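Below is one structure, written out as structure tokens; comments come after it.
Computed from a predicted structure; not experimentally measured. All chains are named by letter (A, B, ...) in the order of the sequence lines, taking the proteins before the strands, and each is independently numbered beginning at 1.
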2 protein chains.
Amino acid sequence: MTSNINCNTCIIKSSAAKELNSEQLSALGKNCVQIFFKKGDVIFKEGTFSVNITYLREGVVKLHTEGKSSQILKITKGPGYLGIPTTFEEKINHYSATALEDCNICFIHTNIFKSFIEENKKFAYEIIVELCNSELELFQKCVSRTKNNIYGRLSHALLFFSEKIYKTDNFNLPLSREELGNFINTTRESVSRVLAELDSKKIIQIKGRQLKILKPEALKELSDV
Amino acid sequence: MTSNINCNTCIIKSSAAKELNSEQLSALGKNCVQIFFKKGDVIFKEGTFSVNITYLREGVVKLHTEGKSSQILKITKGPGYLGIPTTFEEKINHYSATALEDCNICFIHTNIFKSFIEENKKFAYEIIVELCNSELELFQKCVSRTKNNIYGRLSHALLFFSEKIYKTDNFNLPLSREELGNFINTTRESVSRVLAELDSKKIIQIKGRQLKILKPEALKELSDV
DNA sequence: ATTAAAAAATGATACATATCACACAATATG
DNA sequence: CATATTGTGTGATATGTATCATTTTTTAAT
């Protein structure tokens with residue numbers, strides 16, 4: 001399902017788009033379509049040519065590499081941009097994006113995005129802020145991925161879903177055991193085992209993908225070394 | 001050793017600074033000092049308050065976390081910016097920087113840097129390009145750090161030094177065994193062992209820090225899975 | 001030079017985690 | 001509904017790498 005949109009009246013603008021004047025917003029609306037993706041849908045694929053900046057209005061998306069040793073690089077909840085780095089200068093997507101929950105995504109022509117950067121200082125400024133934050137986040141992730149053991153990494157991931165994505169301690173995991181493994185760099189078997197152990201210790205309660213976090217403090221302790 | 005500089009005549013400007021007009025370059029010169037760092041000197045330290053954007057004119061720098069499980073996040077050769085993400089919005093350095101070779105570094109007031117972004121679209125544009133590239137690089141690193149084994153990661157690191165930093169296959173390693181371990185996420189013992197084995201297989205020749213790469217193809221093969 | 005201190009090499013062992021194998025459950029497909 | 005397909009749990013085993021212990025080499029200090 002795709003629909004044209006009116007960016008002037010949009011209430012989930014990015015910090016950058018908030019800096020655009022009404023004329024620019026109209027131009028944006030003409031160079032932008034909103035597309036709905038169902039949970040599980042592929043949004044864009046590693047290796048393909050990219051001509052749009054994608055703005056995740058609402059929903060949850062994973063950015064990941066393909067292949068047998070597929071790796072989940074980032075899971076992000078809207079609103080926010082997906083993969084500016086990939087689209088901006090180079091034109092090939094360096095990773096894939098898949099919807100983990102139903103999503104509404106705006107596809108913005110790279111050209112108009114670039115023209116805003118060149119026309120509007122404040123817009124550019126906000127994009128820079130966004131990129132800086134996202135790079136710092138990546139550094140964090142890079143560090144935590146390698147200095148925690150599986151218990152720590154999995155605990156961290158569960159807290160991430162609970163606190164950052166679903167904002168509740170009782171939710172359905174958006175990933176299979178195998179995908180969880182790809183997210184925290186381990187195998188599906190190890191994920192199963194650790195989940196089972198956390199369950200038996202009454203730190204969590206897990207049944208299939210249904211997760212209830214009983215002792216968030218215990219997870220917190222496991223996850224920070 | 002610190003000296004004022006004339007940015008108008010500087011010949012190792014960043015792509016961004018190339019977009020500045022002569023008036024802006026004069027302003028830059030007044031808000032900027034160049035400082036020389038000897039090999040081993042600390043440039044800035046994790047946790048400290050940062051008020052400058054740092055531009056590495058020449059030399060080699062490592063960005064790293066502190067503490068017993070210190071981790072080297074990135075090794076970079078000038079010219080190029082160091083740690084814009086840290087300095088830009090937030091004001092606390094998220095990691096430390098140390099010179100691996102003698103360096104000349106410009107310390108630029110964050111304020112003038114920001115004002116250029118707001119005054120000069122092309123400057124902002126180039127900074128965005130820079131940030132995008134650096135984020136993509138980080139993604140790469142994140143992936144390769146976790147899907148290669150120690151042989152692969154070390155081979156990759158050796159090729160990195162040879163190809164990207166020193167541009168020769170015969171050079172002195174800028175890192176101790178322990179630091180190499182921090183760079184590729186392993187222990188000093190494992191680094192020793194793998195270096196010894198690569199040496200015994202005549203893929204490299206290592207004596208102390210003196211490294212000669214005999215079979216770069218063999219390293220290449222080991223490093224890409 | 002002589003000694004002290006730090007860095008590196010190397011062997012033995014321990015341990016976390018991957019891999020393999022299979023049973024079982026859940027979900028899709030005709 | 002039966003059957004295939006995919007996902008999951010769990011035990012047994014293998015393996016890479018960390019850790020510990022000791023020796024050797026290199027570097028720095030007196």
*asked:* Run the ring pair (Phe, Tyr, Trp, His ring centres under 6.0 Å) test on B:F37 and B:F44 for me, step by step, so that the C-alpha distance in whole Å, both residues' side-chain angles and the decisive distance to 0.1 Å come before the verdict.
replied: CA-CA 11 Å; B:F37 290 91; B:F44 55 79; 9.3 Å; no
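Residue B:T187 places at least one side-chain N or O under 4.0 Å from the OP1 or OP2 atom of D:dA18. Within the structure, a side-chain polar atom (N or O) of B:T186 is placed less than 4.0 Å from OP1 or OP2 of D:dA18. Note on B:K207: every side-chain N or O is 4.0 Å or more away from OP1 and OP2 of C:dA8. At C:dA9, none of the side-chain N or O atoms of B:R193 fall inside 4.0 Å of OP1 or OP2 (strictly under the cut-off). Taking only side-chain nitrogens and oxygens, B:S190 never comes nearer than 4.0 Å to OP1 or OP2 of D:dG16. In this structure, A:R188 does not reach the D:dG7 phosphate: none of its side-chain N or O atoms is under 4.0 Å from OP1 or OP2.
Here the P atom of nucleotide D:dG16 and the CG atom of B:N148 are 14 Å apart, to the nearest Å. Rounded to an integer number of Å, the gap from A:E179 CD to D:dT6 P is 15 Å. Look at CG on A:D199: it is 14 Å from C1' on D:dT10, rounded to the nearest Å. Separating the OH atom of A:Y151 from the P atom of C:dC15 is a distance of 14 Å, rounded to the nearest angstrom. Whole-Å rounding puts the A:L180 CG to D:dT8 P distance at 9 Å. Remark: P of D:dT26 and CZ of B:R209 are 14 Å apart, rounded to the nearest angstrom. Across the protein-nucleic acid pair, B:L154 atom CG and C:dA8 atom P stand 13 Å apart, rounded to whole Å. With rounding to whole Å, A:R177 atom CZ is found 12 Å from C:dT27 atom P.
Side-chain polar atoms of A:N104 and A:E58 form a donor-acceptor pair below 3.5 angstrom.
Heavy atoms of A:I150 sit under 4.0 angstrom from primed sugar atoms or phosphate atoms, though from no base atom.
Side-chain atoms of A:S15 never come within 3.5 Å of backbone atoms of A:E126 as a donor-acceptor pair (strictly under, hydrogens ignored). The backbone N or O of A:P79 lies less than 3.5 Å from no partner atom in the side chain of A:R57, so there is not a single donor-acceptor pair.
Nearest nucleotide to the A:N149 side chain, out of D:dC20, C:dT17, C:dA8: C:dT17.
Ring-plane geometry between B:Y95 and A:F139 is classed as tilted, the angle between the planes lying from 30 to 60 degrees on a 0 to 90 degree scale.
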